[in-house]
Amino acid sequence: MKKFFALGVLCALLCALFPLPAAAQEGGEAAPDRGVTLNVYNWGEYIANGTDGSMDINAEFTRRTGIQVNYTTFDSNESLYSKLAGGGADYDVIIPSDYMISRMIQENMVAELDFGNIPNFQYVDEQFKDPAYDPGSKFSVPYTWGVVGLFYNTEYVDEVTSWEVLWDDQYAGKILMFDNPRDAFGIAQFLLGQDVNTTDPADWNQAADLLKAQKPLVQAYVMDQIFDKMESGEAWIGPYYSGDAAILVDNNENIAYAVPEEGTNYFVDALCVPITSSHKAEAEEYINFLCDPEIAGANMDYIGYSTPISAAKEYMDPEVVASPIHYPEGEVLDRAQVFVNLPEETSAQLDQLWAEVKMGGPGESATLVAIILGFLAVYIAIVVYKRRKRKREMS
């Protein structure tokens, strides 16, 4: 018995020193199916999928672990939140942004992670650990980071240095704007010189007024739709995230990118496990896989966003690593602000003001309400008339 035990110990030591080829290594034999499927909910265009010679991240995870991945996408933090808050959504891994993570932590929507299942967290740069949105890094692992800038078509738009260009009436009908309140209001707040996390109602009202003044010039409020609209020339200018600069700028020589001088949002998107996850340990295994420097490098090379894992840069295109778009200079970050979760009353005000901006202001909102009430009154009158008529016929 002791002989076999000693042999087992020896084998274990040899395997530790000289790892054998296995499904855990790229190109090894595929792991057997473990009968588990992870539901992963991520932003659109936000993971390498095997196209353009990239690694298919989800397929590689399945090959190495035997865990299947059901992958779906959302287009804003608010739609992600609504889906989870509404119940009935069965997700195992989600990738919200900083301010939304802090909100979900406060509302007990995400689970505290077991970092024993995420040893690759050691590769995350120290500056991304213990963030304000998740003190102690208990509930999240950073996935990407970046800043917000402006894409513009140089055939029609002069060099951009300020957010003011989004209010320039010479580009009316060719301007795109974020279709989510935090980013849209953030732009107005930078232009006004406000703190993007202000709790002063007057500040939010002032920013809303600026966005309402912009609305007649806006062609559309978009998220991922910016790609088609900018590449086709249907739109000439619009704000979006720096990680998408490579996609837009590389695909069209006329599209340029700039970070306005007034400042911008510095954001982090991170991996979390919903409190309702049915496969928490496997979800943490998935998160650990994405933190492997080689996997992270292959992933970031494709999606174009900045990695919080410096060790991954060894596996990335050197031009991307050296690019000021992906890794901006200190002065850009010095002018940047990070969104944090807002108090409940401020969030409620933001939601109301955003509805007014999208509908054209409180005046138009009141008009719409009046129209609805008018139709309702007519409907009630018709119902009452028919009932009275029926009673007369029966009598």
Side-chain angles (χ1 to χ4, degrees), residues 75-79 81-82 97 99-100 148-152 156-157 160-226 229-230 234-241 258-265 267 337 339-374:
D75 63 5
S76 74
N77 282 293
E78 287 67 31
S79 62
Y81 175 82
S82 296
S97 301
Y99 72 93
M100 187 56 68
V148 172
L150 277 171
F151 294 97
Y152 61 100
Y156 309 106
V157 180
V160 169
T161 59
S162 169
W163 293 114
E164 288 182 350
V165 70
L166 293 174
W167 278 260
D168 192 331
D169 57 12
Q170 70 174 308
Y171 304 125
K174 297 297 183 179
I175 296 171
L176 301 177
M177 192 55 170
F178 274 119
D179 193 19
N180 76 74
R182 204 68 202 273
D183 283 322
F185 270 81
I187 290 172
Q189 290 171 317
F190 281 114
L191 194 52
L192 292 168
Q194 295 181 2
D195 181 344
V196 295
N197 300 305
T198 179
T199 57
D200 186 343
D203 287 343
W204 291 99
N205 286 329
Q206 186 180 13
D209 288 341
L210 191 59
L211 291 173
K212 291 173 186 176
Q214 180 202 31
K215 186 174 187 293
L217 309 178
V218 175
Q219 178 191 116
Y221 294 90
V222 301
M223 293 301 295
D224 287 344
Q225 302 92 327
I226 188 174
K229 286 181 174 291
M230 289 293 295
E234 183 182 349
W236 297 346
I237 187 165
Y240 216 58
Y241 311 111
V259 178
E261 59 192 6
E262 294 91 353
T264 189
N265 168 230
F267 63 86
Q337 295 185 46
F339 293 148
V340 299
N341 189 40
L342 299 169
E344 185 175 349
E345 57 273 18
T346 304
S347 293
Q349 181 189 14
L350 174 58
D351 290 342
Q352 178 184 341
L353 291 174
W354 181 238
E356 291 179 2
V357 169
K358 294 291 292 291
M359 297 177 70
E364 290 189 23
S365 300
T367 300
L368 180 59
V369 171
I371 292 173
I372 293 174
L373 291 175

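Each residue takes its place number in the sequence, starting with 1. Side chains included, hydrogens not; waters and symmetry mates left out as well; all remaining heavy atoms used.
Note: W236 and Y156 have parallel aromatic rings, judged against thresholds of 30 and 60 degrees for the angle between ring planes.
For the pair Y152 and A258, the tightest heavy-atom approach, listed with the atom from each and the gap, is CE2-CB, 4.2 Å. In plain terms, the two heavy atoms of A207 and A188 that are nearest each other are O-CB, 3.9 Å. When all heavy atoms of P239 and I226 are compared, the pair lying nearest together is O-CD1, 3.8 Å. Contact record, G149 with P260: CA-CD, 4.4 Å, taken as the closest heavy-atom pair. Of all the heavy atoms in Q214 and L166, the pair that sits closest is NE2-O, 3.3 Å.
The main-chain N or O of Q337 is found under 3.5 Å from a side-chain atom of N265 such that the two form a donor-acceptor pair. In this structure, the side chain of N180 engages the main chain of D183 through a donor-acceptor pair within 3.5 Å. Within the 3.5 Å criterion, the main-chain N or O of E78 finds no donor-acceptor partner in the side chain of R182. Looking at N77, its side chain does come within 3.5 Å of a backbone N or O of S97 through a donor-acceptor pair. Listed for the W163 side chain is no donor-acceptor partner under 3.5 Å among the backbone atoms of L150.
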Run the numbers on E345 and Q349 for side chain to side chain contact (heavy atoms under 4.5 Å, CB included), then give the verdict.
CA-CA 6 Å; E345 57 273 18; Q349 181 189 14; over 6 Å; no
Using the rule given for side chain to side chain contact (heavy atoms under 4.5 Å, CB included), can you reason through W204 versus L350, listing the C-alpha separation, both sets of side-chain angles and the distance that settles it, and then say yes or no?
CA-CA 7 Å; W204 291 99; L350 174 58; 3.7 Å; yes
Determine, step by step, whether F339 and M100 satisfy the side chain to side chain contact (heavy atoms under 4.5 Å, CB included) criterion, reporting the C-alpha distance in whole Å, the side-chain angles of both residues, the deciding distance to 0.1 Å, and the verdict.
CA-CA 9 Å; F339 293 148; M100 187 56 68; over 6 Å; no
Worked check of side chain to side chain contact (heavy atoms under 4.5 Å, CB included) between K174 and I237
CA-CA 7 Å; K174 297 297 183 179; I237 187 165; 5.7 Å; no
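Legend: residues meeting ring-ring contact (aromatic ring centres under 6.0 Å, His included) with Y241, ordered by chain and number and at least two apart, are F178, F267. Listed by chain and residue number, nothing satisfies the side-chain contact (heavy atoms from CB on, under 4.5 Å) test with P216 (two or more places apart in sequence, or in another chain). Checked against side-chain hydrogen bond (donor to acceptor under 3.5 Å, both in side chains), Q206 has the following partners two or more places apart in sequence or in another chain: Q194. With sequence neighbours excluded, the residues satisfying ring-ring contact (aromatic ring centres under 6.0 Å, His included) with F151 are Y257. Here K229 pairs with L176, Q219, A220, V222, E234, A235 under the side-chain contact (heavy atoms from CB on, under 4.5 Å) rule; sequence neighbours left out. Residues satisfying the ring-ring contact (aromatic ring centres under 6.0 Å, His included) test with W167, not counting sequence neighbours, are none. For T264, there are no side-chain hydrogen bond (donor to acceptor under 3.5 Å, both in side chains) partners two or more places apart in sequence or in a different chain. The side-chain hydrogen bond (donor to acceptor under 3.5 Å, both in side chains) test applied to Q170 returns D168, not counting sequence neighbours. Residues passing the side-chain contact (heavy atoms from CB on, under 4.5 Å) test with D179 are Y221, M223, W354, K358, sequence neighbours excluded. Under the ring-ring contact (aromatic ring centres under 6.0 Å, His included) criterion, F190 pairs with no residue, sequence neighbours left out. With sequence neighbours left out, T199 forms a side-chain contact (heavy atoms from CB on, under 4.5 Å) with P343, T346.
A donor-acceptor contact under 3.5 angstrom links the side chains of Y240 and D224, judged on distance only. Donor-acceptor pairing under 3.5 Å is recorded for the side chains of E262 and S162. For S82 and S79, the side-chain atoms include no donor-acceptor pair closer than 3.5 Å.
Listed by first then second residue, pairs satisfying salt bridge (charged side-chain N to carboxylate O under 4.0 Å, His left out) with a partner in residues 184-206 number zero, not counting sequence neighbours.
The line from CG of D209 to CG of L192 is 9.5 Å long, rounded to the nearest 0.5 Å. Rounded to the nearest 0.5 angstrom, D351 CG and E356 CD are separated by 11.5 Å. The line from CG of D169 to CD1 of I175 is 8.5 Å long, rounded to the nearest 0.5 Å.
Counting non-hydrogen atoms of other residues, nucleotides and ligands closer than 6.0 Å to CD of E261 gives a total above 12.
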